[in-house]
Structures are given as structure tokens and as C-alpha cells.
Amino acid sequence: MAVREYTQVIKGKYDSKGTIKAMDILNNIPLTVEYFKTRPDVQQRIEKSINSKEYLAVYKRGTRSGFEYIPRDEGALIIRGIKVKDMNKTPQEETIISWDSILKPNDFYIDDLKWKYLLRNIIKGKNIMMTGPSGCGKTDVTFKAAKALDREVIYFNLGATQDPRSTLIGNTHYSKDTGTYFSESLFVSAIQKPNTVILLDELSRAHPEAWNILMTVLDPIQRYLRLDEKSDSPTIKVADGVSFIATANIGSEYTATRVIDRALLDRFAILEMDVLSYEQEYQLLSSKCTVNQETLLKLCDIVKDIRKEVKSDTPRISTTISTRATLEIVELLEDAFTLEQAIEILVYPLFSDEGGNDSERTYIKQVVQKYLATNISKRVHEDAQQIAENLQNVIKTIGE
């Protein structure tokens with residue numbers, strides 16, 4: 001009998017409130033309440049697997065899903081031999097996924113199509129502007145894509161540039177021995193290296209003069225930089241295969257940014273980075289740490305509610321929690337901070353406490369309390385027990 005190729009292997013349990021919690025242990029994805037609403041049949045099967053202490057395995061049976069139960073004591077051995085295959089993909093999609101599975105990093109999440117498009121533009125020496133909320137991985141994915149293609153990245157933080165001309169062109173100096181001479185910038189040498197990825201970070205925070213200098217450099221036809229500070233004002237051609245990747249924060253909450261000139265914007269293909277889904281966030285965090293599953297799920301639940309509120313029609317908060325922030329929280333958890341402590345240090349300061357009970361911070365605390373209430377009640381109970389024991393010891397001492 002041929003070994004079935006499972007698409008999911010689900011482990012279920014009941015929480016303290018009797019609610020079903022389930023994890024697809026084959027793909028390391030938690031199943032959400034929304035999933036159960038759309039698949040009540042799967043929920044019933046998971047309940048059966050919990051009661052029988054088995055795994056629920058899902059496989060393809062024609063155009064539908066088939067189900068079977070695996071004894072948990074044998075499940076781990078069986079799973080190691082499973083090959084997962086998506087039977088719904090066209091041959092073209094299979095080619096894309098197969099190609100991406102070799103190059104795409106397993107510790108970063110980006111849509112397959114966007115990843116392929118990013119790689120394609122780097123290979124062809126085209127310009128891309130990465131947009132998206134702060135902390136979503138715009139800079140990080142640039143380095144990972146360049147590494148996947150074995151290309152050098154030369155980094156320029158334009159948001160921190162005080163003198164655009166010296167950064168992008170160079171400076172004129174004076175020496176008592178040789179007189180006045182011109183010193184080219186690192187940017188000038190960078191654009192002359194074939195097949196290099198040049199990262200223009202925080203382009204939306206750059207001085208407008210930097211934009212003016214970059215106009216001819218980024219133009220797909222001109223592709224040159226004029227060194228007008230030099231005596232003969234030579235033009236430096238951009239080498240073949242050089243790709244310019246810019247990052248930008250666009251939105252009213254980014255107060256230090258500028259509205260990018262349309263002529264400059266037209267020199268880029270826009271690639272918008274997505275905020276991670278609930279499942280992707282959990283997978284990323286679990287791959288980065290050894291924190292227990294229950295704590296990570298609570299963190300993901302809190303972040304999910306906060307992000308959902310920001311996108312609502314009448315949001316009670318003005319900002320959200322980035323993936324960069326959740327990774328920092330996980331680092332604190334690894335260093336023996338509790339989830340409550342990590343959130344107090346890294347999350348609460350992001351939200352204003354103006355307005356008392358109607359403040360953004362109060363709302364965030366209510367969201368956090370909803371998921372940590374059990375922990376808080378347990379801690380209060382333990383504290384009360386400790387106080388009672390201390391009081392008994394004091395009474396005993398006085399009696400003696």
C-alpha cells in the first residue's frame with residue numbers, strides 16, 4: 001500500500017475553558033477560531049482525535065480532502081517520512097514554488113510572487129521601492145534577496161544624510177602640498193561595480209537635494225551621475241546589472257517623512273511589503289526562540305487584535321505593533337522576562353496615556369488583560385498564599 005502524502009497533521013486539545021485549540025504540527029501553523037467557523041466538520045474530527053488521543057491527518061482524495069487518525073505514540077515517526085505536495089497547483093506554479101524553495105530564506109516571510117518579482121528585478125538591474133509599515137522587513141528582505149543571488153549590497157541611509165552632495169558625489173579638499181583636489185564619495189565607486197545591489201534606505205526621509213542628484217542615476221535611459229564638484233565635471237555611468245532598491249515609509253503617522261516627488265517615484269517599481277498573518281507571525285517567532293507554545297500564541301493573539309483594531313472603521317488606537325517589535329518581545333522572553341513584563345516595556349510606551357480611561361494605552365491594556373487574565377489571577381492567588389504563610393509564621397513567632 002502506497003504511503004499517503006498528508007497536507008496537514010493536526011494535534012488538538014482543550015484549554016482551561018473547554019475551548020478547542022489545535023495546531024497543524026506538520027506545517028507548524030495554529031488553527032484559528034475563524035478556521036473552525038469555516039470548517040465545522042474538521043472541528044468535529046479534531047474533537048474525536050482529542051478524545052481518542054490521536055492525530056488527525058488530512059490528505060488529498062481527488063478534489064476533496066480525506067481524513068484518518070494516527071496514534072500519537074507513532075505519529076512522530078510517521079511524520080518524518082511524509083512528503084507534502086500541493087496537488088492543486090498548475091505546472092507553472094509548481095515551477096515557481098520549486099525555484100523559490102531553493103532561494104527563499106526559511107526565517108523570513110514574503111509572498112511568493114513578490115519574492116520572485118524582487119529577485120527578477122535584481123537580476124535585471126531594475127529599481128524597486130519597498131514600501132510598508134515600519135518594522136515589516138523592507139531592509140532585511142533586500143539583504144536576504146541579494147544573498148540568495150550571491151550579490152553584494154552597498155548600504156546608504158539617506159534618512160540620516162545631512163549633506164547629500166558629499167554623500168552622493170564627494171568633497172573638495174585642500175592640501176598644502178598638492179593644492180585643491182576632489183575626493184569621490186563611496187556612492188560614486190559603488191555605482192561602478194557591476195551586478196551590485198545599492199540599498200537607498202529611508203528615501204522618504206532624504207533631503208530633496210538628494211532626490212535631484214539621483215534623478216539621472218535612477219533614470220532607466222540616462223543612468224549616469226555628474227560629478228559637478230570636480231574640475232572637468234565628468235559623468236560616471238552606472239555599471240551593468242546595478243540594481244537600486246529604496247525603502248520608504250508612506251503615511252500620515254510618519255511625521256519626519258516627505259512626500260516623494262512624482263518624477264522620482266516613477267523611476268521605481270513599487271513593491272509593497274505585507275504585514276504578517278497570524279499564522280506567519282507564529283511560525284516566525286517559534287523559529288527564532290524556544291519559548292513555550294502557549295505564551296507565543298497569546299502574544300500572537302494580542303498582536304492580531306491590535307492590528308485588527310487599527311484597520312477598523314473607527315480605530316481607538318493610532319499605530320500598531322510591528323514584527324520587529326514582536327521579535328524584540330521574544331528576545332526578552334528568552335531572557336526570562338514574563339510576557340506581561342515584555343509588553344509593559346516594549347508595547348505600552350508606543351501608545352499615548354492621554355485621556356485617562358479613554359486613552360490608547362488603557363485600550364491596549366484591556367486587550368492584553370483579556371489574554372493574560374488567567375496568568376494574573378494565578379499570580380494573585382499565589383501572592384495571597386505567600387502572604388498568608390508569612391502571617392502564620394509571624395503569629396507563630398509571637399506565640400513562642
Which atom names give the shortest non-hydrogen contact between [X] and [Y], and what distance separates them?
X	Y	answer
Phe268	Ala246	CE2-CB, 3.7 Å
Lys237	Gln222	NZ-O, 2.9 Å
Ala342	Leu333	CB-CD2, 4.5 Å
Glu344	Pro349	O-CD, 3.5 Å
Leu296	Val291	CD1-O, 3.9 Å
Val188	Ile169	CG2-O, 3.4 Å

Side-chain heavy atoms nearer than 4.5 Å, only ILVMFWY residues, links allowed to pass through others: does that put [X] and [Y] together?
X	Y	value
Ile317	Val275	no
Val310	Leu299	yes
Val330	Val347	yes
Val238	Leu264	yes
Ile29	Tyr109	no

Between [X] and [Y], do the side chains contain an N or O donor and an N or O acceptor separated by less than 3.5 Å?
X	Y	answer
Glu184	Ser189	no
Asn28	Ser286	yes
Ser52	Glu54	yes
Asp305	Tyr371	yes
Thr247	Asp201	yes
Asn357	Thr362	no
Tyr224	Asp219	no

Quick one: pull up [atom1] in [X] and [atom2] in [Y] and give me the separation to the nearest 0.5 Å.
X	Y	atom1	atom2	value
Ile191	Phe244	CD1	CZ	6.0 Å
Lys138	Leu199	NZ	CG	11.0 Å
Met129	Leu271	CE	CG	11.5 Å
Asp274	Cys136	CG	SG	8.5 Å
Lys311	Glu309	NZ	CD	12.5 Å
Ile302	Ile364	CD1	CD1	9.5 Å

Next item on the list: Could you give me the CA-CA distance, side-chain angles and deciding distance for Leu158 and Leu214, then say whether side-chain contact (heavy atoms from CB on, under 4.5 Å) is met?
Entry: CA-CA 11 Å; Leu158 296 185; Leu214 290 169; 4.0 Å; yes
Could you tell me whether the side chain of [X] and the main chain of [Y] form a donor-acceptor pair under 3.5 Å?
X	Y	answer
Gln341	Thr338	yes
Asn121	Lys116	no
Arg361	Phe351	yes
Trp211	Leu203	yes
Glu202	Ala248	no
Ser352	Glu354	yes

Does atom [atom1] of [X] have more than 12 heavy-atom neighbours, drawn from other residues, nucleotides or ligands, at distances under 6.0 Å?
X	atom1	result
Lys126	NZ	no
Asp240	CG	no
Asp150	CG	no

Item checked: For Ile46, the rest of its hydrophobic cluster, which grows through side-chain links under 4.5 angstrom ->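 Reading the cluster by chain and number, Ile46 sits alongside Ile10, Tyr14, Ile20, Leu31, Tyr35, Phe36, Val42, Ile50, Leu56, Val58, Phe67, Tyr69.
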Next item on the list: Kindly determine whether Glu5 and Lys60 satisfy salt bridge (Lys or Arg N to Asp or Glu O under 4.0 Å), including the steps that lead there.
Entry: CA-CA 8 Å; Glu5 295 180 343; Lys60 284 293 180 182; over 6 Å; no
Margin query: Could you walk me through whether Glu294 and Lys13 satisfy the salt bridge (Lys or Arg N to Asp or Glu O under 4.0 Å) test, starting with their C-alpha distance in whole Å, then the side-chain angles of each, then the deciding distance to 0.1 Å, before giving a yes or no?
Written below: CA-CA 12 Å; Glu294 184 178 357; Lys13 70 172 185 177; 5.2 Å; no
Checklist line | Working for salt bridge (Lys or Arg N to Asp or Glu O under 4.0 Å), residues Asp266 and Arg262 | finding: CA-CA 6 Å; Asp266 282 346; Arg262 179 56 190 265; 2.8 Å; yes
